[in-house]
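Presented below is the structure to which this report refers.
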Amino acid sequence: MANFYPPGYKNDRIIVAVDFDGVIHDASQGWGDGTCYGDPLPGSIDAIKKLSETYDIIIFTAKAKPDRPLVDGKTGAILVREWFIKYGIMDCIKSITSEKPRAELYIDDNGYRFQNWNDTLKFVENEL
């Protein structure tokens with residue numbers, strides 16, 4: 001991991017940011033009404049527990065966007081929180097956000113590892 005810390009953060013634990021849908025939650029039924037329908041992906045619960053022993057885990061998900069409609073009077077962030085409680089790992093999670101958090105590592109099923117713009121443009125042209 002990098003050795004650079006923003007001012008005031010040198011003594012903080014390293015943050016690992018983890019996407020929710022498609023990484024922890026199987027999202028097999030798509031967005032639907034915003035409810036967390038899916039089950040945990042194989043290994044995801046144990047992985048979060050293991051990572052949280054060393055790192056602060058921040059969950060990022062579009063479900064937590066404040067402009068999303070309420071589901072049974074609940075925000076998306078509350079629904080995601082309830083899902084983590086259901087599976088017994090909310091105590092492993094530092095926070096849930098819809099924004100890209102400051103982190104040393106991002107774990108996301110829709111990510112692309114940037115190396116240079118030539119390769120990136122080729123990837124985008126071939127994949128999108």
- Answer with yes or no whether the hydrophobic clustering places Val80 together with Val16; edges join I, L, V, M, F, W, Y residues whose side-chain heavy atoms lie under 4.5 Å apart. yes
Step through the shown structure and confirm whether more than 12 heavy atoms of other residues, nucleotides or ligands are within 6.0 Å of CG on Asp72.
no
Between Ala64 and Ser98, the two heavy atoms sitting closest are C-CB, 3.6 Å
In short, Thr97 meets Ile58 closest at the heavy-atom pair CG2-CG2, 3.8 Å
>> Could you go through Phe84 and Ile48, starting from their C-alpha distance and side-chain angles, then the distance that decides it, and tell me whether this counts as side-chain contact (heavy atoms from CB on, under 4.5 Å)?
In response: CA-CA 11 Å; Phe84 283 124; Ile48 294 298; 5.5 Å; no
Heavy-atom nearest pair, Cys36 first then Trp83, reads CB-CD1, 3.6 Å
Tested for side chain to side chain contact (heavy atoms under 4.5 Å, CB included) against Ile57, the lone hit among Ile15, Ile93, Ile24 is Ile93
Under a 4.5 Å side-chain heavy-atom rule over Ile, Leu, Val, Met, Phe, Trp and Tyr, are Phe60 and Ile45 clustered together?
-> no
Please say yes or no: joined through hydrophobic side-chain contacts below 4.5 Å, possibly via intermediate residues, are Tyr55 and Met90 part of one cluster?
yes
* Please determine if Lys100 forms a cation-pi arrangement with Tyr106, meaning its NZ or CZ atom is less than 6.0 Å from the six-membered ring centre and no more than 45° off the ring axis. => yes
Correct closest heavy-atom pair for Ile59 and Phe20 would be CG2-CB, 3.9 Å
Between the OG1 atom in Thr61 and the CG atom in Asp108, the distance rounded to the nearest 0.5 Å is 10.0 Å
CG (Asn118) and NZ (Lys122) are apart, to the nearest 0.5 Å, by 6.0 Å
* Are any side-chain N or O atoms of Arg68 and backbone N or O atoms of Thr75, one a donor and one an acceptor, separated by less than 3.5 Å? -> no
Within a strict 4.5 Å, meaning less than it, do heavy atoms of the Lys49 and Ile89 side chains meet?
yes
- Thr120 versus Trp117: any side-chain heavy-atom pair under 4.5 Å? yes
Point to revise | Cluster link Tyr37 to Leu79, ILVMFWY, side chain under 4.5 Å | key: no
Between Glu82 and Ile78, is there a side-chain heavy-atom distance shorter than 4.5 Å? yes
In short, Asp56 meets Arg13 closest at the heavy-atom pair OD1-NE, 3.1 Å
Here the gap from Leu41 atom CG to Asp39 atom CG, rounded to the nearest 0.5 Å, amounts to 9.0 Å
